[in-house]
Amino acid sequence: MGSGKSTLGAMVAARLGLPFVDTDRELEREAGRTVAELFSSEGEPAFRARERALALRLMRDGVVRVVAFGGGTVTNDEVRHAALDAGTLVTLRAPTETLVARTAAAGSVRPLLGGSPEAMVQRLRELSLARAAAYAECHGTVGTDRPLENALEDVLRIVARRPVAMPLGERSYVVDVIDGDPSRSTDAIAALRPSSLIVVTDANVAEARKDDLASLLRAGLAPSRVVTLPPGEVHKTLPQVAAIWDAALGQGIDRNAVVITLGGGVVGDMGGFAASTLLRGIRFVQLPTTLLSMVDASVGGKTGFDHPTGKNLVGTFHQPSHVVADLAHLSTLPDREVRAGLAEVVKIALTCDAALFEDLERAGRAVLEDRTHLQAVVRRAIELKAWVVRQDEREAGLREVLNFGHTIGHAVESGAEYTQLLHGEAIAMGMVAELALGERLGLSPSGLRGRTARLLEALGLRAEPSNAEMVAARPFLGADKKRRGSHVRVPLPSAVGACTVHPLELALLEDGPNFGSLPSAPVP
Ligand code: GLY
């Protein structure tokens, strides 16, 4: 109310050459009564039902347009999520006094306000608090307490960027998927107004992406300290986390400090974990530099490090404040690492999106040579991950499907002592081995294992572990976060693009077709 949405919405529509609909006006036109009359004659629930039906219709009729939603419209989860999926959702903000002044000047009757200016301020503050979590779930927020021409430019910039939204209430953030724009990262960090920055990277990335690192530091956003970790999964350990803690605390950080992770999944997981524990939790921004961390590790807030008994066994859920996936980083990434990243794309496609799986089957390795196609694939993988995480942030159900291939994959990776295989390479083999089990148990359709193996091989990934790799992996099968007593919760695709989680006897995995014929290895 008074945010300027009707005026600004019309301005956006004019600039983009699109039709404009203001849902309040459209409801009044359809009903032949004002919003205030509808409220008093039908009551708020009936009004909200009309509003919801109209909003969903506007988003599903295939017409590209600009819509100004009433302030309560996006408090409906279904409407808000549909808007996030169908288009670009921008929240407008202005101080309460400005809202009241504008509302009073317009002389319009606002059913949820009414009363004296003081009562209106009070009521608006209450509404704003009650709606804060819903309003935070958007692609961008624009202040309108200034000339609307300036706000217009900000809205248009958000529309042009089209980031992927991760709607998690007041912990919401966006993921920018771009190709070669270092200023996006500095703008995103600057918007957080950090008091200081702890930039976590590794020695390989610091060398390969030195220009990006230098431009980040040159931007002078805040006093900064760079922590350069030794590279590789073998160093994803508590001493490296402690090195980040020491650097941050030695710098005298306060709670407005921000950790920046510039690197792959190892850097992101450890930097995120350090951020989640420093001063009981400070903000962090993920700048993933590997394909694998762009499509999986940097999004969704899983942080942690490895323990000698298994991978990622100590960690937290701590969401980043922003993620910038810049494909330009891939130009200095070894080919082998890029291919390994495709394993996580295959995983999300196979478990959630048949169209993406088929797209990869058609393209094969050519997807890596066509940057526009690759950007679309990365974006789609991130959208799917965000769709899963928004429904199950803490992995109480749906998010478990993202562990497909990881029960056997983690064991293969651990068995190879984190030095012989990249994470994605182990996951590729884990997916094929788990599909073999799924087919044997009649939980996955026959032929899916072969089809997946063919795709992985077409993408340049090995689908079958060697006997030696399997022997080494076996003792690690039980050291899995997904284990519950003698059972492990194993996600198995029931079709391309669909997946169900099954509690399976650990013994079934250990003695199944993958491991059953192998001599047992000594427990390390
Ligand atoms: N990497 C799996 C997840 O984020 O849940």
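For reference, positions follow the sequence shown, starting with 1. Each ligand, and each atom within it, is numbered from 1 in the order the structure gives.
Enclosure of atom CZ in Arg162 is not indicated, since only 12 or fewer non-hydrogen atoms of other residues, nucleotides or ligands lie within 6.0 angstrom. Surrounding CD of Glu417 are at most 12 heavy atoms belonging to other residues, nucleotides or ligands under 6.0 Å away.
In summary, of the residues considered (Glu469, Glu457, Glu425), a side-chain hydrogen bond (donor to acceptor under 3.5 Å, both in side chains) with Arg462 occurs for Glu469 alone.
Atoms OG1 and CG, from Thr452 and Leu350 in turn, are 4.5 Å apart once rounded to the nearest 0.5 Å.
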N or O contacts of ligand 1 with protein under 3.5 Å, please list pair by pair.
{"from": "ligand 1", "atom 1": "1 (N)", "to": "Asp296", "atom 2": "OD1", "distance (Å)": "3.3"}
{"from": "ligand 1", "atom 1": "1 (N)", "to": "Asp296", "atom 2": "OD2", "distance (Å)": "2.9"}
{"from": "ligand 1", "atom 1": "4 (O)", "to": "Lys385", "atom 2": "NZ", "distance (Å)": "2.5"}
{"from": "ligand 1", "atom 1": "4 (O)", "to": "Arg399", "atom 2": "NH2", "distance (Å)": "2.7"}
{"from": "ligand 1", "atom 1": "5 (O)", "to": "Lys302", "atom 2": "NZ", "distance (Å)": "2.9"}
{"from": "ligand 1", "atom 1": "5 (O)", "to": "Arg399", "atom 2": "NE", "distance (Å)": "2.7"}
{"from": "ligand 1", "atom 1": "5 (O)", "to": "Arg399", "atom 2": "NH2", "distance (Å)": "3.3"}

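Centroid-to-centroid, the aromatic rings of His318 and Phe273 stay 6.0 Å apart or farther.
Looking at His423 and Glu233, their side chains never bring a donor and an acceptor atom within 3.5 Å of each other.
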